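Please read these numbers as outputs of a predicted model, since none were measured by experiment. Below, read A as the first sequence line, B as the second, and so on, with proteins coming before strands; counting in each chain starts at 1.
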Amino acid sequence: MSQVVTRFAPSPTGYLHIGGGRTALFNWLYARGRGGKFLLRIEDTDRERSTPEATAAILRGLTWLGLDWDGEVVSQFERRDRHAEVAREMLARGTAYKCFSTKEEIEAYRAAREAEGASYAVFQSPWRDADPSTYPDAPYAIRMKAPRTGETIIEDQVQGRVVIKNETLDDMIVLRSDGTPVYMLAVVVDDHDMGVTHVIRGDDHLNNAARQQMVYDAMGWTVPVWAHIPLIHGPDGKKLSKRHGATGVEEYQAMGYPAAGMRNYLTRLGWAHGDAEIFTSDEAMKMFDLSGIGRAPARLDFKKLENTCGHHMAMAEDAALLHELQAYLAAAGRPALTDLQAGLMKQALPFLKSSAKTFPELLEKASFLMISRPIAADAKAAEALDTVSRGILKSLTPRLQNASWTKEALEPILTGIATENGIGFGKLAAPLRAALAGRTVTPSVYDMMLTIGREETVARLSDAAA
RNA sequence: GGCCCGUUCGUCUAUCGGUUAGGACACCUGGUUUUCAACCAGGUAAGAGGGGUUCGACUCCCCUACGGGCUGCCA
């Protein structure tokens with residue numbers, strides 16, 4: 001078996017949709033897991049709607065997801081001459097013909113059929129078998145000479161064997177009367193020329209596959225392996241749209257989901273391998289197979305996304321996580337970390353990452369190291385700093401001056417103070433949290449003290465005790 | 001309208017004719033605990049409906065309902 005070649009072929013008419021991201025991911029996993037190639041082609045033949053900004057956004061989205069492609073990005077529009085050449089070759093082979101019917105004539109044909117009571121009308125061009133000597137001197141489109149009887153069978157790796165009756169398909173136009181190629185032809189020519197062996201795409205193309213397969217047949221080309229995957233739906237089961245919230249991959253980056261978690265979640269959305277839930281991309285590549293893809297559309301579940309992200313956050317290496325955190329801040333338009341904050345963050349990451357699911361949550365938990373003196377206590381925290389508590393903090397600071405700065409050394413000091421004052425550790429922790437972080441919900445007081453260091457700890461406690 | 005695809009706990013799914021229908025998320029309860037989390041243990045919860053085929057159907061076939069897609073000289 002020759003090398004596997006897959007591709008992702010989005011239209012540059014907007015940002016990278018979450019469904020497109022998953023389609024790209026499946027193609028990437030399939031190719032990478034088999035030592036194959038994953039190609040990227042921009043289907044920009046619709047000049048009205050295609051924009052360079054959209055192409056850039058799609059590339060950014062893929063890059064964020066960690067999906068790397070092989071070779072140069074192919075522009076479909078730039079290959080239009082090649083597409084036209086194939087259309088002419090079909091003409092020469094007799095698998096296509098010149099059609100001089102105008103748009104008005106086609107509409108009239110359909111209207112007439114419907115008037116006769118037909119519920120639908122496949123246009124049958126009068127030029128299909130016309131004698132070339134009768135051709136008018138007028139613009140013409142090139143139509144594929146599709147079989148009118150029999151059936152076209154799509155052997156789909158996800159949908160199974162799909163049978164389409166040829167009589168329901170018209171002679172599709174492959175080259176418009178203005179000489180530009182039509183998408184359906186372009187896809188086939190490009191996939192063939194690029195050596196694509198496996199076409200993994202949304203099942204909105206399932207019906208199209210029949211016509212595309214006819215082009216392969218007409219040209220005598222090898223039909224690729226088809227795999228039409230179901231689309232992603234919103235939580236209510238309807239097609240995912242803006243009203244469900246985020247539909248763009250980059251929006252998820254801006255919301256602070258780690259890319260590894262996003263990848264894992266998207267891989268599991270509509271695909272399964274036994275009970276495997278949490279896995280790295282390397283593991284996913286080894287497990288991924290077309291047979292594991294479900295046939296029903298899957299719904300987006302933010303809770304599970306978060307949970308999956310939490311696992312990956314905890315699994316991440318500190319340096320890489322810090323790097324991604326900084327990228328998140330930039331993507332979300334939030335201020336970057338100062339060198340001091342970055343240094344403290346690196347120390348705090350080992351305990352912060354184990355309980356955070358997203359970067360905003362991580363930052364929330366890290367607020368004690370983001371702030372600087374004087375620490376402003378919020379209303380609830382201020383309540384914890386009553387006269388008695390301030391007195392306790394005051395008596396605590398001298399004992400911290402000479403302690404070695406480890407949890408083992410600090411623990412007896414803090415529990416000792418609590419015992420001396422006849423209070424439980426919980427009663428002591430509250431004012432400590434208020435003094436160190438200015439809030440009532442924080443990481444462990446020991447973790448905070450160890451992170452910011454002796455000098456800053458004593459300073460913050462002294463501030464609060466004053 | 002026609003054609004095509006789909007339908008297992010609330011959600012993602014396992015099952016490929018014989019299971020007490022399994023796992024994960026969510027939810028509920030308990031535990032741990034200096035707060036919030038995280039973590040640990042346990043629990044609630046499913047084969048759209050109706051016909052067949054079969055000794056036996058979630059699994060195979062048909063019908064219905066519901067959802068989605070396609071039906072362009074858009075992609």
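- Taking the P atom of each, B/U64 and B/C73 are spaced 32 Å apart, rounded to whole Å.
- A salt bridge is defined here as a Lys NZ or Arg NE, NH1 or NH2 lying under 4.0 Å from an Asp or Glu carboxylate O, and A/E155 with A/R161 meets this definition.
- A donor-acceptor contact closer than 3.5 angstrom links the side chains of A/Y97 and A/D171.
- Across the P atoms, B/C63 and B/C3 are found 11 Å apart, a figure rounded to whole Å.
- Nucleic acid contact class of A/T152 (heavy atoms, under 4.0 Å, all strands): none.
- Looking at heavy-atom distances under 4.0 Å, A/I173 makes contact with a base.
- Residue contacts for A/N208: at a heavy-atom cut-off of 4.0 Å it reaches a base atom on one of the strands shown.
- Here A/T308 lies out of heavy-atom contact (under 4.0 Å) with every strand.
- The phosphate of B/C74 (OP1 or OP2) has a side-chain N or O of A/R176 nearer than 4.0 angstrom.
- Across A/Y135, A/W127, A/F100, a single residue satisfies ring pair (Phe, Tyr, Trp, His ring centres under 6.0 Å) together with A/Y140, and that is A/F100.
- With both ends at atom C1', the span from B/A57 to B/G18 equals 9 Å, rounded to whole Å.
- Looking at A/R390, its side chain does come within 3.5 Å of a backbone N or O of A/L385 through a donor-acceptor pair.
- Between B/C58 and B/U19, the two C1' atoms lie 12 Å apart (nearest whole Å).
- You won't find any donor-acceptor pair under 3.5 Å spanning the side chain of A/D203 and the base of B/G69, going by distance alone.
- OP1 or OP2 of B/A38 has at least one side-chain nitrogen or oxygen of A/K357 nearer than 4.0 Å.
- Among the atoms of the strands shown, base atoms are found under 4.0 Å from some heavy atom of A/R433.
- For the P atoms, the distance from B/G42 to B/G22 is 15 Å, rounded to whole Å.
- With distances taken from any side-chain atom of A/R110 to the nucleotides B/G72, B/C5, B/U34, the minimum falls on B/G72.
- Heavy atoms of A/E48 sit nowhere under 4.0 angstrom from any nucleic acid atom.
- The partner of B/U8, taking Watson-Crick or G-U wobble pairs whose two distances both stay under 3.5 Å, does not exist in any strand shown.
- Both A/T45 and A/P443 sit near RNA chain B, but only A/P443 has its closest nucleotide nearer the 5' end.
- Between the side chain of A/K304 and the base of B/A24, a donor-acceptor pair under 3.5 Å is found.
- Annotation: of the two residues near RNA chain B, A/L305 and A/I293, the 5′-most nearest-nucleotide partner is A/I293.
- In this structure, A/R201 atom CZ and B/C70 atom C1' are separated by 12 Å, rounded to whole Å.
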Verdict with reasoning, A/H192 to A/Y216, per ring-ring contact (aromatic ring centres under 6.0 Å, His included):
CA-CA 8 Å; A/H192 172 263; A/Y216 279 97; 7.3 Å; no
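- Partner assigned to B/U20 is none, using Watson-Crick or G-U wobble distances below 3.5 angstrom.
- Pairing for B/C28 goes to B/G42, judged as Watson-Crick or G-U wobble with the two contacts each under 3.5 Å.
- When the C1' atom of B/U35 is taken as reference, atom CG of A/L352 falls 15 Å away, rounded to whole Å.
- In this structure, the CZ atom of A/F368 is 17 Å from the P atom of B/U35, given to the nearest Å.
- Considering only heavy atoms from C-beta on, A/T6 stays 4.5 Å or farther from A/W28 through its side chain.
- The residue A/E43 sits close only to the backbone: its heavy atoms come under 4.0 Å of sugar-phosphate atoms, none of a base.
- Judged by atom type and distance alone, A/R268 reaches the base of B/C12 through a side-chain donor-acceptor pair under 3.5 Å.
- Centroid-to-centroid, the aromatic rings of A/F288 and A/W271 come within less than 6.0 Å.
- The interatomic distance linking A/F279 (CZ) with B/C12 (P) rounds to 16 Å, in whole Å.
- Not one N or O on the side chain of A/T152 forms a donor-acceptor pair closer than 3.5 Å with the backbone of A/I164.
- The partner of B/U33 cannot be assigned: no Watson-Crick or G-U wobble pair with both contacts below 3.5 Å exists in any strand.
- Among the atoms of the strands shown, only primed sugar atoms or phosphate atoms (P, OP1, OP2) are found under 4.0 Å from some heavy atom of A/V163.
- Base engagement by A/S177 is indicated by at least one non-hydrogen atom pair under 4.0 Å involving a base atom.
- As rounded to the nearest Å, B/U29 and B/A45 have C1' atoms that lie 15 Å from one another.
- Per the geometry, NE2 belonging to A/H312 stands 14 Å off C1' belonging to B/C25, to the nearest Å.
- A/Y446 comes within 4.0 angstrom of a nucleotide base, judged by non-hydrogen atoms across all strands.
- Taking atom C1' on both B/C62 and B/A24, the two are 35 Å apart, rounded to the nearest angstrom.
- Residue A/G160 is classed as having no contact, given no heavy-atom separation below 4.0 Å to the nucleic acid.
- Checking B/C70 for Watson-Crick or G-U wobble geometry (two distances, each under 3.5 Å) identifies B/G2 as its partner.
- If you take CG of A/L206 and P of B/G6, they are 9 Å apart, rounded to a whole angstrom.
- A/R299 comes within 4.0 angstrom of the backbone, heavy atoms only, and of no base.
- Within 4.0 Å (heavy atoms only), A/P235 reaches no atom of the nucleic acid at all.
- In this model, no donor atom of one side chain and acceptor atom of the other lie less than 3.5 Å apart for A/W226 and A/Q159.
- The nucleotide B/U15 finds no pairing partner, because no Watson-Crick or G-U wobble arrangement with both distances shorter than 3.5 Å includes it.
- Across all strands shown, B/A57 forms no Watson-Crick or G-U wobble pair with both distances under 3.5 Å.
- Using a 4.0 Å heavy-atom cutoff across all strands shown, A/H233 reaches sugar-phosphate atoms only and no base atom.
- B/C4 and B/U8 have their C1' atoms separated by 23 Å, given to the nearest Å.
- In this entry the distance linking CD1 of A/I278 with P of B/C25 reads 8 Å, nearest Å.
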